Amino acid sequence: MVGMVGSHLIGPRTALVADVVRQQQTRQRRLSSFVDIGFNHILEPAVTISGGLGGGVASDRGAVRVFIGLK
């Protein structure tokens, strides 16, 4: 898996995050490419929530993924 990530602060504790990911799926013998956009928000020093939405590129167009996280 290879990815490039960029982020931009949109508030004192919130960042907008965008990434491009290219992943080799060895068992299926194929490559997947996705572009994701989401956010990270610090609730308190030890707790961060994240969420986002991504779409497939090229042969993966039409594929959608949604993600949420808590750290």
Side-chain angles (χ1 to χ4, degrees):
M1 181 182 295
V2 176
M4 291 178 33
V5 179
S7 64
H8 179 74
L9 288 175
I10 56 174
R13 298 206 250 173
T14 306
L16 182 65
V17 180
D19 63 43
V20 177
V21 177
R22 186 152 174 97
Q23 175 180 350
Q24 181 177 354
Q25 298 174 347
T26 306
R27 290 184 182 159
Q28 293 85 7
R29 295 184 182 200
R30 65 183 298 260
L31 294 172
S32 294
S33 300
F34 280 85
V35 174
D36 303 315
I37 189 161
F39 70 92
N40 288 334
H41 180 74
I42 299 170
L43 294 175
E44 52 186 71
V47 180
T48 301
I49 60 171
S50 302
L53 179 66
V57 178
S59 64
D60 290 316
R61 72 178 177 269
V64 175
R65 62 184 183 178
V66 176
F67 54 93
I68 58 171
L70 177 64
K71 176 182 175 189

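Just so you know, these numbers use all the heavy atoms, side chains as well, and skip hydrogens, waters and symmetry mates. Predicted, not measured: the structure shown is a model, and the values here were computed from it.
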* Structure fact -> The salt bridge (Lys or Arg N to Asp or Glu O under 4.0 Å) partners of R65 (sequence neighbours excluded) come to D36

* Structure fact -> On a heavy-atom basis, the closest approach of M1 and Q23 is CE-OE1, 3.6 Å

* State the CG-CZ distance between L53 and F39, to the nearest 0.5 angstrom. => 11.5 Å

* Quick one: closest heavy-atom pair of G54 and F34, and the distance? => C-CD2, 4.5 Å

* To do: Look up atom CZ in R29 and atom CD in Q24, then write down how far apart they are to the nearest 0.5 Å.
  => 10.5 Å

* **Taking every non-hydrogen atom, the tightest pair across L16 and G38** => CD1-O, 3.3 Å

* May I ask you to check whether over 12 heavy atoms, not counting those of L43, lie within 6.0 Å of atom CG? => yes

* Between V21, V20, D19, D60, which is the residue that forms a side chain to side chain contact (heavy atoms under 4.5 Å, CB included) with V35? -> V20

